[in-house]
Structures are given as structure tokens and as C-alpha cells.
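By convention in this document, chain letters (A, B, ...) are assigned in the order of the sequence lines, proteins followed by strands, and residues within each chain are numbered from 1. Source: prediction; values computed, not measured.
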There are 2 protein chains.
Amino acid sequence: MEKVKCRRETVPLKQRMLGLKDAMELFAGKWKFSILLNLNEYGEMRFKDLLETTTGISPKVLSKELNDLEQNLMITRTVMNTKPVTVSYAITEYALHAEPVISALIDFGLTHRETIKRR
Amino acid sequence: MEKVKCRRETVPLKQRMLGLKDAMELFAGKWKFSILLNLNEYGEMRFKDLLETTTGISPKVLSKELNDLEQNLMITRTVMNTKPVTVSYAITEYALHAEPVISALIDFGLTHRETIKRR
DNA sequence: CGGCATCCACTTAGATACTG
DNA sequence: CAGTATCTAAGTGGATGCCG
């Protein structure tokens, strides 16, 4: 692990740990990334759509995950004036900030998967 | 979330999700980052040392965390021929691969913490 | 010293059914 | 359609004690 750069080195270790903790808590669980990647790929989606594309999730869990993501400003929730009501979810501009994290995780995860496999 | 780059775009979505999953599983839990950052900062450490610097952890959990990290090649475990035995843990070269992940998480986490706080 | 065994508490996830 | 209610199953974490 080499010397960290930019803002990271201006911040004490304790606080960096807080940042790590926050980020990990936000993305914890089996479904958050899947939901975000789906919303990113397909644009606006309704509850039902997400229930179908997120294979294996139950409505209760999906509901909780969506709430978490909304609380953390990663997605928006829009209730449409139709009958019966439809609700539309979309990814936010703010969620773009998470792209470096996701990229780094994918890169590391794929490399690591190969490394462990051939061990 | 903008277009992904390099190897990430050569890999299908399903597989990218696997990479994400692997990486998240490796780093899940409250202690892994703390242990890695400590080992990185202090070099070789014994079980007892880690038990002290990792505030709040119990021996059972520390033991499990260390095993996980060793299985994933992030640390080495060396038994010394002393009486009574001492065991020394150290971070591996391979763990350097995780640095971009950690940096990205810290950056995002710190920014996000501020964003949420002032909401 | 460096753990593992045991037990318990708590949180989370899943299945299913139901409602506005 | 978009969830909530309820119940149960499972995983995880902490406390404690013991042993080589």
C-alpha cells in the first residue's frame, strides 16, 4: 500500500477510517450495486421493473434497499399521477461520484478472482 | 455513472457483478480495513498488538478476520520459534492491488459524509 | 502468547400473504 | 402497482473460558 495522495493525506487516519466506514455501509448488502447498475443501464424504472431485473430479491428487501439509496441521494423516487399509482426510480447525478469506487472494486475483484482461482 | 474504461468495458455485466461481489465480500465486516491499515502503518505485528490497536475487537473475531485476510493473500502469518510461540502478521505486496479501492472509498466516503451532514 | 469452543444476543434476509 | 405485515431462518458479533 503506497503513500496516499491528494486530500487523503491531509486527513488524519481516524477520519479516513470514518470515510471508509461510511462508504462501506452505503454499499453493503447484496443488491445495491445491482440496482444502481440497472438504473444506470435502463434509465427510469418502476418498482416492478426492478423486482424483475434484480433476480432473487423480495419486495420487502427491494423496498428497503431503495429507501437506503434514496436517503443517501443515490437515486430519486417519483410518484406519478396515474391510476393505479406508478412510482419511478432514477439514478442521480450525485451517484456519479461513486463511479471511481465501483470501477476500482470491479478491477480489483476481477483480478483477485483470477488470482485466487489459480492458487 | 459514466462509461467505464479499460478492462472493465471488455467484460460483460454479469462478470463485472461477480468482481464487485468478490471485492465487497473480501472487505466486508467492521475490521478488515482497520487491520490492513494498521499493518501497513506499523509493519509486522503480533496477535496481541493487533488486539490492542484494533479497538473493540475480540480475540475470536480478530482470529477470523486474520484468517480471511490470509486466505485472500492480503497478509502473511509467520509462527516464530520462541517460547511461548509468537505469531507475526504482515501485509503482502499483493495487498497493494487494493490501494486504489481503499483510496476511492475514502475519497467518496469523506465527500459523502459532508454531503449528507449538510443535507 | 495465540488462539479455539461454547453460548447467547442481535441484526438481516427470505417467504408469504395482504392492503391502499 | 407498489409496497407493508408477519414470521421464520440464518448469519454475525460479543463475552467468556479453556488449552497447548
Side-chain angles (χ1 to χ4, degrees), chain A residues 17-18 20-36 38-39 42-72 74-91, chain B residues 17-18 20-36 38-39 42-72 74-91:
Chain A
M17 284 301 304
L18 287 180
L20 267 174
K21 187 167 160 295
D22 283 2
M24 288 300 289
E25 278 173 7
L26 203 169
F27 296 122
K30 285 161 57 180
W31 309 110
K32 302 256 169 51
F33 284 126
S34 177
I35 292 169
L36 287 176
N38 272 318
L39 284 176
Y42 297 113
E44 297 205 338
M45 297 179 80
R46 288 174 302 169
F47 192 85
K48 186 79 179 306
D49 298 330
L50 286 165
L51 209 49
E52 280 161 14
T53 53
T54 313
T55 322
I57 201 170
S58 73
K60 187 186 82 169
V61 175
L62 176 57
S63 178
K64 181 192 165 296
E65 300 290 86
L66 291 172
N67 266 301
D68 288 351
L69 290 172
E70 194 194 359
Q71 292 299 316
N72 284 291
M74 308 298 286
I75 64 172
T76 57
R77 178 179 182 274
T78 313
V79 181
M80 320 289 285
N81 254 344
T82 56
K83 35 118 185 165
V85 289
T86 55
V87 180
S88 154
Y89 293 92
I91 200 165
Chain B
M17 285 301 304
L18 286 181
L20 267 174
K21 187 167 160 294
D22 285 1
M24 288 301 290
E25 278 174 6
L26 202 169
F27 297 121
K30 284 162 58 180
W31 310 109
K32 301 256 170 49
F33 284 126
S34 178
I35 292 169
L36 287 177
N38 272 318
L39 284 176
Y42 298 113
E44 296 205 337
M45 297 179 79
R46 286 176 303 169
F47 193 84
K48 187 80 178 306
D49 298 331
L50 287 164
L51 208 51
E52 280 161 14
T53 53
T54 313
T55 323
I57 201 170
S58 73
K60 186 187 82 170
V61 176
L62 176 58
S63 177
K64 181 191 164 298
E65 301 290 86
L66 291 172
N67 265 300
D68 289 350
L69 289 172
E70 193 193 359
Q71 292 299 316
N72 285 289
M74 308 297 285
I75 64 172
T76 56
R77 177 179 184 274
T78 313
V79 182
M80 319 289 284
N81 254 343
T82 56
K83 33 116 187 169
V85 289
T86 55
V87 180
S88 154
Y89 293 92
I91 199 164

Worksheet item: Where along residues 77-86 of chain B does a heavy atom fall under 4.0 Å from DNA chain C?
Response: Arg77(B), Pro84(B), Val85(B), Thr86(B)

Worksheet item: For Lys30(A) and dT11(C), what is the distance between atoms NZ and C1' respectively, to the nearest whole Å?
Response: 15 Å

Practice prompt. Identify, with sequence neighbours excluded, every residue that meets side-chain hydrogen bond (donor to acceptor under 3.5 Å, both in side chains) alongside Gln71(A).
Written response: none

Worksheet, complete the sentence: Across all chains, not counting sequence neighbours, the salt bridge (Lys or Arg N to Asp or Glu O under 4.0 Å) partners of Glu70(A) are none

Worksheet entry | Phosphate OP1/OP2 of dC1(D): any Tyr89(A) side-chain N/O under 4.0 Å | no

Worksheet item: Residues two or more places apart in sequence or in another chain: which of them pass side-chain hydrogen bond (donor to acceptor under 3.5 Å, both in side chains) with Thr55(B)?
Response: none

Worksheet item: Please give, in whole Å, the distance from dG3(D) P to Met45(A) CE?
Response: 14 Å

Fill in: Any pair counted as side chain to side chain donor-acceptor pair (under 3.5 Å), so long as it reaches residues 80-91 of chain B, sequence neighbours left out
Glu44(B)-Ser88(B), Arg77(B)-Tyr89(B), Thr82(B)-Thr86(B)

Discussion item. According to salt bridge (Lys or Arg N to Asp or Glu O under 4.0 Å), who are the partners of Lys30(A), at least two apart in sequence or on a separate chain?
Written reply: none

Item to complete: Name all residues meeting the ring-ring contact (aromatic ring centres under 6.0 Å, His included) criterion together with Phe33(A); count only those two or more places apart in sequence or in a different chain, and write none if there are none.
Response: Phe27(A)

Practice prompt. Please report, rounded to the nearest Å, how far the P atom of dT12(C) is from the CH2 atom of Trp31(A).
Written response: 17 Å

Response to the item:
Here the pair of heavy atoms bringing Leu26(B) nearest to Lys32(B) is O-CD, 3.5 Å

Worksheet item: Roughly how bent is the helix from dC1(C)-dG20(D) to dG20(C)-dC1(D) end to end, in steps of 10 degrees, with each end axis from five pairs?
Response: 50°

Worksheet, complete the sentence: When rounded to whole Å, the CD to C1' distance for the pair Glu70(B) and dG2(C) reads 14 Å

Fill in: Which residues share a side-chain hydrogen bond (donor to acceptor under 3.5 Å, both in side chains) with Glu52(B), sequence neighbours left out
none

Discussion item. Can you confirm whether Leu66(B) sits close enough to Leu50(B) that some side-chain heavy atom of one is under 4.5 Å from a side-chain heavy atom of the other?
Written reply: yes

Response to the item:
Numerically ordered, the residues 47-66 of chain B set in heavy-atom contact under 4.0 Å with DNA chain C is Phe47(B), Lys48(B), Lys60(B), Ser63(B)

Item to complete: Could you pull out all residues at least two apart from Asn38(A) that satisfy side-chain hydrogen bond (donor to acceptor under 3.5 Å, both in side chains)?
Response: none

Worksheet entry | Between dC1(D) (P) and Arg46(A) (CZ): distance, integer Å | 7 Å

Response to the item:
The salt bridge (Lys or Arg N to Asp or Glu O under 4.0 Å) partners of Lys64(A) (sequence neighbours excluded) come to Asp68(A)

